[in-house]
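Here is the structure we will look at, set down as structure tokens.
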Amino acid sequence: MKFLVCISNVPDTTTKITFTPDNKEFNKAGVQFVINPWDEYALTRAIELKEAQGSGTVTVINVGEADTEPNIRKALAIGADDAIRVNAKPTDAFFVAEQIASVAKEGAYDVILMGKESIDYNGFQVHGMVGELLGIPTVAPAMKLDMSGNTATLEREIEGGKEIVEVNTPFVASCQQPMCEPRIPNMRGIMTARTKPLKVVGPVGSGARTEVAEYALPPKKQGVKLIPAESAGELIKLLRNEAKVI
């Protein structure tokens, strides 16, 4: 069975967010990038399923420029067999989905996994677009994934509960906790990752369908005002005129 796992290159969660002077791009200066944490669930589960079956391959794909390769190598160190980097800036969700779908179609992958969203933009869009472009089912967000032959059983989160679904390959699934315990690379994995194949391909399609007009940081938190218990009228006035919540 052939697994294709999509990974994003995202800022570390401790990063202080700033933008370029025109407020149109994220400022990468001095930022440490990591594999999107949600994608790590997808990667680990794909490796676990391959190991349980005793055969198959796990390929990771990233849409990004050359600076993403350290984290692609980390994914190889965790246990992926090979990697593909689409040499393009991930400009919007549809463009990224278009690249993934093209590679998936050419490689005839059975299972396409990714995190439910990336922690930088939280779009929750790519998995559905990939499934639609390929004309195959998409299950999202999946908390559990088991395989029996060419049939997958997935448990997904729904409003007020959970839903268990079965789907035949090929299919797309987005992953979230508690699907598995994400793995970290060991020394042997780090050493072997250096020689695993990393193929670079050009982008397809016509480019992004959307354009960022402007980014803006949230307003700074205001200082707390303490109102004496006997001044209820003053509290109501502030809630109405300043906080504008009543």
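This structure is a prediction, so every number in the text was calculated from the model and none was measured.
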Does the pair T57 and F3 meet the rule for a side-chain contact (heavy atoms from CB on, under 4.5 Å), with working shown?
CA-CA 6 Å; T57 59; F3 294 89; over 6 Å; no
side-chain contact (heavy atoms from CB on, under 4.5 Å) for M114 and V172? Distances and angles first, verdict last.
CA-CA 8 Å; M114 64 190 75; V172 179; 4.1 Å; yes
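The backbone N or O of G107 sits less than 3.5 Å from a side-chain atom of K2, completing a donor-acceptor pair. No side-chain donor-acceptor contact under 3.5 Å links D92 to the backbone of A208. Looking at T192, its side chain does come within 3.5 Å of a backbone N or O of R188 through a donor-acceptor pair. For the pair N36 (side chain) and I119 (backbone), a donor-acceptor distance under 3.5 Å is present. With K196 contributing its side chain and A80 its backbone, the two residues share a donor-acceptor pair below 3.5 Å.
No single ILVMFWY cluster, assembled from side-chain heavy atoms under 4.5 Å apart, contains both L4 and L49. Cluster membership for V126 and W38, using ILVMFWY side-chain heavy atoms within less than 4.5 angstrom, is not shared. Clustering ILVMFWY residues whenever any of their side-chain heavy atoms sit less than 4.5 angstrom apart, transitively, puts I227 in the very cluster that holds I246. In this structure, F171 is a member of the same hydrophobic cluster as V165, with clusters built from ILVMFWY side-chain heavy atoms closer than 4.5 Å. With hydrophobic clusters built from ILVMFWY side chains whose heavy atoms lie under 4.5 angstrom apart, V96 shares a cluster with V86.
Minimum interatomic distance between V63 and I100 (heavy atoms only, all atoms of both residues): CG2-CG1, 4.4 Å. When all heavy atoms of P203 and N87 are compared, the closest pair comes out as CD-O, 3.7 Å. For the pair I7 and N71, the tightest heavy-atom approach, listed with the atom from each and the gap, is CD1-O, 4.2 Å. Nearest heavy atom pair, residue D120 against residue S118, reads OD1-OG, 2.6 Å. Here the closest heavy-atom approach between residue A46 and residue V5 is recorded as CB-CG2, 3.6 Å. When all heavy atoms of A42 and G115 are compared, the pair lying nearest together is CB-N, 4.2 Å.
With values rounded to the nearest 0.5 angstrom, D39 atom CG is found 12.0 Å from I61 atom CD1. Rounded to the nearest 0.5 angstrom, C6 SG and L113 CG are separated by 8.0 Å. Atom-to-atom distance recorded for H127:NE2 and S174:OG is 4.0 Å, nearest 0.5 angstrom. Rounding to the nearest 0.5 angstrom, the gap separating the CD1 atom in I35 from the OG atom in S8 is 10.0 Å. The OG atom of S231 lies 12.0 Å from the CG atom of L226; values are rounded to the nearest 0.5 Å. Note that CZ of F33 is 7.5 Å distant from OG1 of T15, once rounded to the nearest 0.5 Å.
By the salt bridge (Lys or Arg N to Asp or Glu O under 4.0 Å) test, D81 is found to be paired with K50, residues two or more places apart in sequence or in another chain being considered. In this structure, the side chain to side chain contact (heavy atoms under 4.5 Å, CB included) partners of T68, at least two apart in sequence or on a different chain, are N9, N62, I72, R85.
A 4.5 Å side-chain heavy-atom check between T210 and F94 finds every atom pair outside the cut-off. For the pair K74/P185, a side-chain contact is recorded, criterion being any heavy-atom separation below 4.5 Å from C-beta on. You'll find the side chain of K116 reaches within 4.5 Å of the side chain of F124, heavy atoms only. In this structure the side chain of I184 never reaches within 4.5 angstrom of the side chain of I78, judged on heavy atoms. The shortest side-chain heavy-atom distance between Q53 and M1 falls under the 4.5 Å cut-off.
Side-chain polar atoms of Q176 and Y41 form no donor-acceptor pair below 3.5 angstrom.
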Pairs under 3.5 angstrom only: tabulate donor-acceptor contacts from the side chains of residues 25-32 to other protein residues two or more places apart or in another chain.
unit_1, atom_1, unit_2, atom_2, d
E25, OE2, K89, NZ, 2.9
N27, OD1, A29, N, 3.2
N27, ND2, T18, OG1, 3.3

Determine all donor-acceptor pairs shorter than 3.5 Å in which one atom belongs to a side chain in residues 236-244; sequence neighbours excluded.
unit_1, atom_1, unit_2, atom_2, d
N241, ND2, K237, O, 3.4
E242, OE1, K225, NZ, 2.9
E242, OE2, K225, NZ, 3.1
K244, NZ, N241, O, 3.2

Name every donor-acceptor pair, under 3.5 Å, that has one atom in a side chain of residues 128-154 and the other anywhere in the protein, sequence neighbours excluded.
unit_1, atom_1, unit_2, atom_2, d
D146, OD1, R45, NH2, 2.9
T151, OG1, N168, OD1, 2.9

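Counting only residues at least two apart or in different chains, salt bridge (charged side-chain N to carboxylate O under 4.0 Å, His left out) contacts with residues 160-186 comprise E51-R183, E155-K162, R156-E163.
For E211, the CD atom sits in a loose shell: 12 or fewer heavy atoms of surrounding residues, nucleotides or ligands are nearer than 6.0 Å. Heavy-atom neighbours of E106 CD from other residues, nucleotides or ligands within 6.0 Å: at or below the threshold of 12.
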